[in-house]
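Given the structure is predicted, the values throughout are model-derived calculations rather than measurements. Note on naming: letters A, B, ... go to the chains in the order of the sequence lines (proteins, then strands), and numbering restarts at 1 for each one. The figures here come from the full heavy-atom set of this structure, side chains too, leaving out hydrogens, waters and symmetry mates.
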Number of protein chains: 2
Amino acid sequence: MANINNVAKKARVSIATVSRVINNKKYVATKTREKVMSVIEKLDYKPLYSAINLATKRTGNIGFIVWGEHFSEIEKFYSQIFLGMEYSARDSDYYILLTTVKEKFNPKEDLPRFLKYKDVDGVALAGRVPTSLIEYLENQGIPFILIDYGIPDKVCNSVVMDNYNGAFQAVDQIVKSGKKNIGFIGGSYFHPSVKDRYRGYKDNLKSNGLGDSEYFDKFSFLKNVETSPEIGIQGVKHLLSQNIGLDAIFCCNDTTAMGALSELKKYNIKVPKEVSVVGFDDITLSSFCTPSLSTVRVPKLEIGKESYRLLTEIIANPDSTPQTSIIDVEYIQRRSS
Amino acid sequence: MANINNVAKKARVSIATVSRVINNKKYVATKTREKVMSVIEKLDYKPLYSAINLATKRTGNIGFIVWGEHFSEIEKFYSQIFLGMEYSARDSDYYILLTTVKEKFNPKEDLPRFLKYKDVDGVALAGRVPTSLIEYLENQGIPFILIDYGIPDKVCNSVVMDNYNGAFQAVDQIVKSGKKNIGFIGGSYFHPSVKDRYRGYKDNLKSNGLGDSEYFDKFSFLKNVETSPEIGIQGVKHLLSQNIGLDAIFCCNDTTAMGALSELKKYNIKVPKEVSVVGFDDITLSSFCTPSLSTVRVPKLEIGKESYRLLTEIIANPDSTPQTSIIDVEYIQRRSS
DNA sequence: TTATTATATGTAAGCGGTTACATAACAAAG
DNA sequence: CTTTGTTATGTAACCGCTTACATATAATAA
């Protein structure tokens, strides 16, 4: 394995010059540069990461932390976001280290190794993460961004999708299709995404002259637990038992909608004729289930790429004021509505 | 940030001694060791990875490569295996670097960065991967293992699940339930897992006196494309159109089975009464769909952990003869059979 | 012409660890 | 009391790179 000394010797220059060539620095004569390049090529020389990192005191790593339950969920939501970051990172100088944290998180014991050893230049936190973890990062001064999450009363660098408008548009489509009694099924309502989707749902109905607080009381099923098909099942059971002439359901996400669909089937209720169903996220399964699910597509890879951009920007410029990137979403019409 | 010099000075010893303490080496007096330990504690000293790596010439990284399409699939199969490796790695000295490769893989252009820069001590390849990639690793002498894959006529270190016996047992259960006309639906039959499952299916039927080559011709639907719900849909269509009194289907995996279930529903065929369906893998969705899917559970986390064990063993001992770890699977009875 | 500035290259000191080797201390053996 | 062997500790070179600084050369200005 060739090193910088071999290259320098063979090119008859000093290692400083080789270093300048590698890093595309000024003050290298064109001829010298070409000479060095050709030797690098010939020897198949690649600089050693650990040596660079030691010398520059950057780690070249970015941490990606996601709550274990989220990563194991049916939907590949966060895995796709991770992949989006990975796509960006591989074209640059970073590795992305993925790890999960537990719900019951204790910064003393459960700290990801790359944090304990300060072996990352920055961290991306995907989805809901323990508050104590965020506090730890702030105290340690490690740059971080939140993806698809937010903390009340705290401004952080973050990347989110346009939950409010996505929901607003989706509900608008439902209304336009002639439905009047539109339910909402949602889990983990403390989650800002779910909150914003609920807000979009309500605001649209209000603007269409359909909803008031009594309406929302009747037509909302909210549970403060992690979203799952189970929530959808419970939601359908509840809404139907109310006898309120339910003719459509907007679910806080596709996973929940899957449960709702299966439960409606049990009651032999025709979708979308009797009750139409719309989800949010556009997970892979949504186009495969029957009937295929109308939903709001969230561009996961794009979120990942934007996250990478933002995080590296913050790493390079740690004292900039916090920014929030909002990623556009798109309503997808399928068979369930 | 404290370094080894700070610790040495404060503990009134040399850095060599501190290094010995960190690495639990012999020849340190108990008193000295305690002293150094307490200083390390006090200064919250953590050794710097890049320095260790530079000095020891190991990278501390393990590469995890999976084909992009696989990682993006509905099923979280390989993500879970990755996670299993991650669980093991975080308790030791390795980071796992995940990356995907394209179908059309060109070693000159598409080489993962950690390979190009020789920045891993070993690599785990999950699922089907380009042959050219494997050849590259062999030529470069980079230790690697195959997970859930194998190459004809080549013995590699690998971790696989017991596909043959899993299929054998599953089909045995179907037969015991009284079914006689049992179809097989499978995609990508070049994949050794699918092959072995098909072999298990056939061998069981033979041993139960049910199948001969004519039977298998009639009851098999094999397509040489990546498995997907679509394959299941096509398979059901095909098998039903044959008018062969189909009363059960064994699918090469759950994803395929999902498609089969949805298609059977379209025909209003009762599952499991008229046709029972059994899958393989036990993806999360399998317990949520209706009817819930009988399947063969593959312990994904365990596969990941075993992969880690095997790979690190090979890294430590590169010239050992290739081994194959076979992970036990378990039949899970649910509603679809 | 000489002073000044921009460009080009080299020298050597780190970065924070590991480790071969030298040496010191001490106990057991002769 | 020396000799020998074991244990304990220190010294300094080295891993492969970056970079501040010194120096040399070429181009431009005075």
What pairs with Arg12(A) under salt bridge (Lys or Arg N to Asp or Glu O under 4.0 Å), at least two apart in sequence or on another chain? none
Applying salt bridge (Lys or Arg N to Asp or Glu O under 4.0 Å), name anything that partners Asp328(A), two or more places apart in sequence or on another chain. none
What residues form a side chain to side chain contact (heavy atoms under 4.5 Å, CB included) with Ile52(A), not counting sequence neighbours? Pro47(A), Thr56(A)
Across all chains, not counting sequence neighbours, the salt bridge (Lys or Arg N to Asp or Glu O under 4.0 Å) partners of Lys154(B) are Glu138(B)
Salt bridge (Lys or Arg N to Asp or Glu O under 4.0 Å): pairs with one or both residues in residues 313-327 of chain A, sequence neighbours excluded: Arg309(A)-Glu313(A)
Mind calculating the distance between CZ (Arg33(B)) and P (dA8(D)) to the nearest angstrom? 9 Å
To the nearest Å, give me how far apart CG (Asn53(A)) and C1' (dC17(D)) are. 10 Å
Between Thr32(B) and dT9(D), is there a contact of a side-chain N or O with OP1 or OP2 at under 4.0 Å? yes
How would you list all residue pairs meeting ring pair (Phe, Tyr, Trp, His ring centres under 6.0 Å) that involve residues 101-139 of chain B, not counting sequence neighbours? Tyr49(A)-Tyr117(B)
Please report how far the helix from dT1(C)-dA30(D) to dG30(C)-dC1(D) bends, comparing the axis fitted to its first five pairs with the axis fitted to its last five, to the nearest 10 degrees. 50°
Can you tabulate the close N/O pairs, meaning under 3.5 Å, that link protein atoms to atoms of nucleotides 4-7 of chain D?
none

Only counting residues at least two apart or in another chain, list the ones meeting salt bridge (Lys or Arg N to Asp or Glu O under 4.0 Å) with Arg90(B). Glu86(B)
If a protein heavy atom is under 4.0 Å from the base, mark B; if only from the sugar-phosphate, S; if neither, -; do that for nucleotides 15-27 of chain C going 5' to 3'. BBBBB--------
Any pair counted as salt bridge (Lys or Arg N to Asp or Glu O under 4.0 Å), so long as it reaches residues 105-119 of chain B, sequence neighbours left out: Lys102(B)-Asp110(B)
Which part of the nucleic acid, if any, lies within reach of Arg12(B) when heavy atoms closer than 4.0 Å are counted: base, sugar-phosphate only, or nothing? sugar-phosphate
Going by the ring pair (Phe, Tyr, Trp, His ring centres under 6.0 Å) test, which pairs reach into residues 301-329 of chain A, not counting sequence neighbours? none
Sort out for me which residue in Cys156(B), Pro192(B), Ser158(B) forms a side-chain contact (heavy atoms from CB on, under 4.5 Å) with Tyr149(B). Pro192(B)
